[in-house]
K.L.:
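Here's a structure for you.
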Amino acid sequence: MLSTNKDRTGEEFVSTMENPKSPVFGPQWHPEKNTFEWQMDADGRPFEAIHHEWEAIEVAQYTANFFVQQTRKNMHKFPD
């Protein structure tokens, strides 16, 4: 278990996990949201409480790049 968070009702849940023996990760969140999700409600407020400061976007991009780098370590291929 790498991280926990609380949902809207205050219930704690595991939000990120990692297999200690292989590069397998389980995020319960989307690293791309800070960079790409800019939806607004009808009244002009952000749809969700997503941080869009440059630091938040930089961390999100770093995390996404890390996940992609880990998948590139897999040499398995489809037979066709």
Side-chain angles (χ1 to χ4, degrees):
M1 180 173 52
L2 297 177
S3 67
T4 62
N5 279 292
K6 292 184 179 179
D7 66 14
R8 292 182 176 129
T9 66
E11 185 75 28
E12 188 172 28
F13 64 94
V14 175
S15 55
T16 313
M17 60 184 123
E18 172 186 18
N19 182 325
K21 296 180 182 177
S22 63
V24 175
F25 304 89
Q28 183 62 28
W29 46 274
H30 295 269
E32 75 280 1
K33 278 190 153 222
N34 301 75
T35 307
F36 297 108
E37 191 164 302
W38 295 80
Q39 266 183 311
M40 299 287 184
D41 284 336
D43 60 1
R45 289 185 296 171
F47 182 67
E48 292 186 41
I50 298 173
H51 293 284
H52 292 106
E53 295 84 6
W54 71 267
E55 294 96 343
I57 292 173
E58 193 171 57
V59 168
Q61 187 64 56
Y62 174 87
T63 304
N65 288 338
F66 173 77
F67 287 151
V68 169
Q69 289 169 358
Q70 295 303 304
T71 62
R72 288 182 175 143
K73 293 178 180 180
N74 186 337
M75 294 294 127
H76 296 175
K77 297 182 190 267
F78 290 104
D80 59 355

K.L.:
A quick test of your reading: do over 12 heavy atoms of other residues, nucleotides or ligands sit less than 6.0 Å from CZ of Phe13?
P.N.:
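Above 12, so yes.
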
K.L.:
Surrounding CD of Glu32 (heavy atoms of other residues, nucleotides or ligands, distance under 6.0 Å), is the total greater than 12?
P.N.:
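Result for CD/Glu32: enclosed.
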
K.L.:
So do the side chains of Phe25 and Thr16 get within less than 4.5 Å of each other, counting heavy atoms only?
P.N.:
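Not touching, per the 4.5 Å side-chain cut-off.
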
K.L.:
For the pair His51 (side chain) and Ile57 (backbone), establish whether a donor and an acceptor sit closer than 3.5 Å, ignoring hydrogens and angles.
P.N.:
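No, because the side chain of His51 does not come within donor-acceptor range (under 3.5 Å) of the backbone of Ile57.
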
K.L.:
Any chance the side chains of Gln61 and Asn65 put a donor and an acceptor closer than 3.5 Å?
P.N.:
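Their side chains do contain a donor-acceptor pair, which is all the 3.5 Å distance test asks for.
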
K.L.:
Quick check: closest heavy atoms across His52 and Glu37, and the distance to 0.1 Å?
P.N.:
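What the structure gives for the nearest pair is NE2-O, 2.8 Å.
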
K.L.:
Taking atom CD of Glu12 and atom OG1 of Thr4, what is their separation to the nearest 0.5 Å?
P.N.:
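Atom-to-atom, Glu12:CD and Thr4:OG1 are 4.0 Å apart.
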
K.L.:
Could you walk me through whether Phe66 and Gln70 satisfy the side chain to side chain contact (heavy atoms under 4.5 Å, CB included) test, starting with their C-alpha distance in whole Å, then the side-chain angles of each, then the deciding distance to 0.1 Å, before giving a yes or no?
P.N.:
CA-CA 6 Å; Phe66 173 77; Gln70 295 303 304; 3.4 Å; yes

K.L.:
Crowded around Met1 CE? As in, over 12 foreign heavy atoms under 6.0 Å?
P.N.:
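Counting neighbours around CE of Met1, 12 or fewer heavy atoms of other residues, nucleotides or ligands fall under 6.0 Å, so no.
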
K.L.:
Hey, is the main chain of Asp43 close enough, under 3.5 Å, to the side chain of Asp41 for a donor-acceptor pair?
P.N.:
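Side chain of Asp41 to backbone of Asp43, a donor-acceptor pair under 3.5 Å: no, none is there.
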
K.L.:
How far apart are the closest heavy atoms of Val68 and Thr71, and which atoms are they?
P.N.:
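Distance-wise, the nearest heavy atoms are O-OG1, 2.7 Å.
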
